[in-house]
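As structure tokens, the structure follows; a few thoughts come after it.
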Amino acid sequence: MFVSIAVDPGGESRAKELAELLIQYGFDKVQRGLWESTAISPETLNRLKRDLDRSTDAFDRIRIFQFPVDGTLVLSTLKEKKWRRLVAKGGETTASKPAPAVQTAPVRRPTRPVRR
């Protein structure tokens, strides 16, 4: 499963603590505050969420993007010490649908002659 974690810590010391925790779980730093892993199991991710919950306070924000989870994208958010979960169900995307036919208005000629 692919997991990406966006970390917005409340302070510098917390940022270092969370970075060390994510490194322990095998995450690679991609950008400042963004970590990714392609080899994490759902059980390990649940342990990581518990550890993140213990290591954060109300000023820290964390977003965890998981794909695929039963063919869907799952976004878990920790904000003000509360976890929220959003599941993006699959469906037709705009790229897979044919574009609707566009009707253009007929070109009208000017009613008076154009002077040159």
Side-chain angles (χ1 to χ4, degrees):
M1 163 176 27
F2 173 78
V3 177
S4 179
I5 299 180
V7 179
D8 183 16
E12 287 296 318
S13 62
R14 182 86 58 205
K16 290 178 184 177
E17 183 181 335
L18 293 173
E20 290 173 3
L21 181 64
L22 292 171
I23 289 170
Q24 287 178 0
Y25 276 89
F27 280 81
D28 298 320
K29 187 173 185 178
V30 180
Q31 294 178 2
R32 186 179 70 175
L34 185 63
W35 300 78
E36 291 181 352
S37 175
T38 56
I40 189 166
S41 68
E43 296 81 22
T44 305
L45 184 61
N46 286 335
R47 276 195 321 250
L48 173 62
K49 285 180 182 179
R50 281 194 299 272
D51 288 344
L52 287 171
D53 195 41
R54 287 187 201 120
S55 301
T56 58
D57 60 16
F59 300 107
D60 302 320
R61 292 183 181 176
I62 296 176
R63 286 185 173 187
I64 301 176
F65 301 87
Q66 302 165 246
F67 186 80
V69 178
D70 299 326
T72 62
L73 171 70
V74 176
L75 170 62
S76 301
T77 306
L78 177 66
K79 181 178 174 184
E80 298 173 356
K81 294 296 284 182
K82 293 181 183 175
W83 284 100
R84 306 252 190 263
R85 184 176 172 136
L86 174 73
V87 178
K89 301 272 183 193
E92 288 186 300
T93 62
T94 56
S96 64
K97 292 182 182 177
V102 178
Q103 293 183 353
T104 58
V107 178
R108 291 210 244 172
R109 304 261 182 222
T111 55
R112 25 188 169 121
V114 180
R115 295 185 186 200
R116 293 187 191 205

Quiz item: Looking at residues at least two apart in the chain, or sitting in another chain, which of them share a side-chain contact (heavy atoms from CB on, under 4.5 Å) with Ser76?
Solution: Lys49, Ile64, Gln66, Val74, Trp83, Arg85
Practice problem: To the nearest 0.5 angstrom, please state how far the CD1 atom of Ile40 sits from the CZ atom of Phe2. | Solution: 11.5 Å
Exercise. Please name the pair of heavy atoms, one in Arg32 and one in Lys29, separated by the smallest distance, quoted to 0.1 Å.
Key: CA-CE, 3.9 Å
Practice problem: Verify the cluster assignment for Ile23 and Val30: are they in a single hydrophobic cluster under the rule of side-chain heavy atoms below 4.5 Å apart? | Solution: no
Self-check item: Those residues that, when tested against Ser41, pass side-chain contact (heavy atoms from CB on, under 4.5 Å) (two or more places apart)
Solution: Glu43, Thr44
Between side-chain atoms of residues 4-16 and protein atoms elsewhere (two or more places apart, or another chain), which donor-acceptor pairs fall under 3.5 Å?
from, atom 1, to, atom 2, distance (Å)
Arg14, NE, Asp60, OD2, 3.0
Arg14, NH1, Ser55, O, 2.9
Arg14, NH2, Asp57, OD2, 2.9

Quiz prompt | More than 12 heavy atoms of other groups within 6.0 Å of Asp70 CG | solution = no
Practice problem: Under the side chain to side chain contact (heavy atoms under 4.5 Å, CB included) rule, what do Phe27 and Leu48 come out as? Steps first, then yes or no, please. | Solution: CA-CA 11 Å; Phe27 280 81; Leu48 173 62; 3.5 Å; yes
Quiz item: Who pairs with Lys81 by salt bridge (charged side-chain N to carboxylate O under 4.0 Å, His left out), at least two apart in sequence or on another chain?
Solution: Asp53
Exercise. Would you give the length of the straight line joining atom OG1 of Thr56 to atom CG of Leu78, rounded to the nearest 0.5 angstrom?
Key: 4.5 Å
Quiz prompt | same_hphob_cluster(Phe67, Leu22) at 4.5 Å side-chain heavy-atom cutoff | solution = no
Quiz item: For Phe59, does the CZ atom have more than 12 heavy-atom neighbours from other residues, nucleotides or ligands under 6.0 Å away?
Solution: no
Quiz item: Can you tell me how far CG of Leu52 sits from CZ of Arg47, rounded to the nearest 0.5 angstrom?
Solution: 12.5 Å
Quiz item: In chain order, what residues pass the side-chain contact (heavy atoms from CB on, under 4.5 Å) check against Leu75, with sequence neighbours excluded?
Solution: Arg63, Phe65, Thr77, Leu86
Practice problem: Please identify each residue that fulfils salt bridge (charged side-chain N to carboxylate O under 4.0 Å, His left out) with Asp51, with sequence neighbours left out. | Solution: Arg54
Quiz item: Under the salt bridge (charged side-chain N to carboxylate O under 4.0 Å, His left out) test, which residues partner Asp28, sequence neighbours left out?
Solution: none
